[in-house]
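Heads up, the thing below is written out as structure tokens.
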Number of protein chains: 2
Amino acid sequence: MRRGEDMASLYVERWNEGAALSTAGTCPVRNVLDKIGDKWSMLLVMTLASGPRRFNQLHREVPDISQKMLTQTLRDLQRDGLVARQVFDTKPPSVEYRLTALGYSLIVPFGQLIEWANENIPRITAARTDFDQAV
Amino acid sequence: MRRGEDMASLYVERWNEGAALSTAGTCPVRNVLDKIGDKWSMLLVMTLASGPRRFNQLHREVPDISQKMLTQTLRDLQRDGLVARQVFDTKPPSVEYRLTALGYSLIVPFGQLIEWANENIPRITAARTDFDQAV
DNA sequence: CTGAATCCGGTCCGATACTG
DNA sequence: CAGTATCGGACCGGATTCAG
């Protein structure tokens with residue numbers, strides 16, 4: 001069992017093993033990660049991680065997303081099986097979104113990435129100013 | 001110390017603690033993760049993970065990237081301090097790119113995400129066909 | 001309340017040609 | 001070999017308006 005820094009070389013090995021696959025036609029990994037990498041998916045998944053939300057509730061908690069993108073992103077997440085959509089036949093109608101088990105399983109890798117970002121923001125911004133003034 | 005599935009709730013807690021920050025103006029986490037989410041960054045980082053590469057060497061290993069995007073993405077990665085660029089004054093000139101320590105530290109969270117994608121591609125494609133035929 | 005539909009500007013990104 | 005410059009299409013995504 002590997003631990004700590006050695007995990008990196010493990011991931012590199014796995015990556016290299018699968019590299020041949022990615023060159024042939026459409027790489028499924030890229031297909032999946034492109035969706036994840038869009039502007040709002042991760043944000044919505046992390047917001048839904050605390051529990052189910054209604055449409056406008058999500059809109060309030062993520063204020064700078066447009067209604068269009070909220071609808072569209074939720075639809076994509078639902079299509080990929082990460083989010084479940086439940087309609088309550090009330091008046092006025094209400095719709096609840098919640099993470100599926102699959103969606104919930106994304107929180108760990110997302111969390112790792114977010115943690116990495118938080119830890120390294122100072123280094124990155126420092127590198128940027130260095131680079132920009134060097135030019 | 002938490003382990004396994006409980007890590008998820010830990011990440012959710014941390015996310016909620018930092019949520020107030022992200023609403024105010026430009027969220028640094030989003031700033032960083034947007035770069036990660038672009039089309040080529042992750043691919044190049046994972047390719048450079050096996051060792052330093054020359055420009056055209058990278059071009060051959062990632063055949064479907066255009067020269068323009070290769071140049072641009074490498075520049076951005078260099079600017080963020082993830083990649084180091086070393087020019088050898090030979091004839092013809094050669095330039096070598098390698099991951100910095102910071103760039104190397106990205107491999108673990110990237111690896112986690114790629115592993116997640118690989119494991120769950122069947123579920124996602126199944127969900128997609130279900131969703132599409134339901135419509 | 002929960003969307004759908006439309007318009008439209010900005011950006012991404014590929015193709016091509018050219019340079020030192 | 002390692003880029004730069006320019007053009008042009010595609011697409012993302014915001015603002016607004018309309019509908020059930």
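In what follows, every chain begins at residue 1, and chains take the letters A, B, ... in the order their sequences are listed. Keep in mind that this is a model prediction, so the values were computed, not measured.
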Handout entry: Check: B:A126 main-chain N/O paired with B:T129 side-chain donor or acceptor under 3.5 Å
Key =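 Checking the backbone N and O of B:A126 against the side chain of B:T129, a donor-acceptor pair under 3.5 Å is found.
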Exercise for the section: Keeping the roles fixed (side chain from B:T100, backbone from B:L82), state whether a donor-acceptor pair exists under 3.5 Å. Expected result: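 At least one qualifying donor-acceptor pair exists.
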Can you check the [X] [atom1] to [N] [atom2] distance for me, whole Å?
X     : N      : atom1 : atom2 : result
B:Q72 : C:dA15 : CD    : P     : 15 Å
A:N56 : C:dG3  : CG    : P     : 9 Å
B:F55 : C:dT19 : CZ    : C1'   : 14 Å
A:R60 : C:dT2  : CZ    : C1'   : 12 Å
A:M69 : C:dA4  : CE    : P     : 12 Å
A:R85 : C:dT2  : CZ    : C1'   : 8 Å
B:I65 : C:dC13 : CD1   : C1'   : 10 Å
B:L70 : C:dA15 : CG    : P     : 14 Å

Counting any heavy atom closer than 4.0 Å, what does [X] reach on the DNA or RNA strands: base, sugar-phosphate only, or nothing?
X     : answer
A:Q67 : base
A:Y97 : sugar-phosphate
A:K39 : sugar-phosphate

Handout entry: Boundaries of the DNA chain D segment in contact with chain A, non-hydrogen, under 4.0 Å
Key =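 Nucleotide range in contact with chain A: D:dG13 to D:dG20.
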Exercise for the section: Map B:W40 and A:E96 onto DNA chain C by nearest heavy atom, then report which one ends up closer to the 5' terminus. Expected result: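 Comparing both residues, the 5'-ward one is A:E96.
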Practice task
May I ask whether B:Y97 and B:V87 are part of the same hydrophobic cluster, defined by side-chain heavy atoms of I, L, V, M, F, W, Y residues being less than 4.5 angstrom apart, directly or through others?
Solution key: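 They do share one cluster, since a chain of ILVMFWY contacts under 4.5 Å joins B:Y97 to B:V87.
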Would you call [X]-[Y] a salt bridge at under 4.0 Å N-O?
X     : Y     : value
A:R75 : A:D80 : no
A:R53 : A:E96 : no
B:K39 : A:D34 : no

Handout entry: From A:S105 atom OG to B:N120 atom CG, the distance as rounded to the nearest 0.5 Å
Key =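 One finds 5.0 Å between OG of A:S105 and CG of B:N120.
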Practice task
With rounding to the nearest 0.5 Å, note down the distance linking OG1 in A:T125 to CG in A:D130.
Solution key: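 A:T125 OG1 to A:D130 CG: 9.5 Å, rounded to 0.5 Å.
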Handout entry: Rounded (10°) bend between the five-pair end axes of the helix from C:dC1-D:dG20 to C:dG20-D:dC1
Key =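 Here the helix ends are tilted 40° relative to one another.
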Problem - Candidates C:dG20, C:dG14, C:dG3 - which lies nearest the side chain of B:K68 - result: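 Selected nucleotide: C:dG14.
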Practice task
State, without any angle test, whether A:T73 and A:D76 hold a side-chain donor-acceptor pair at a distance under 3.5 Å.
Solution key: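 No, no side-chain donor-acceptor pair sits under 3.5 Å.
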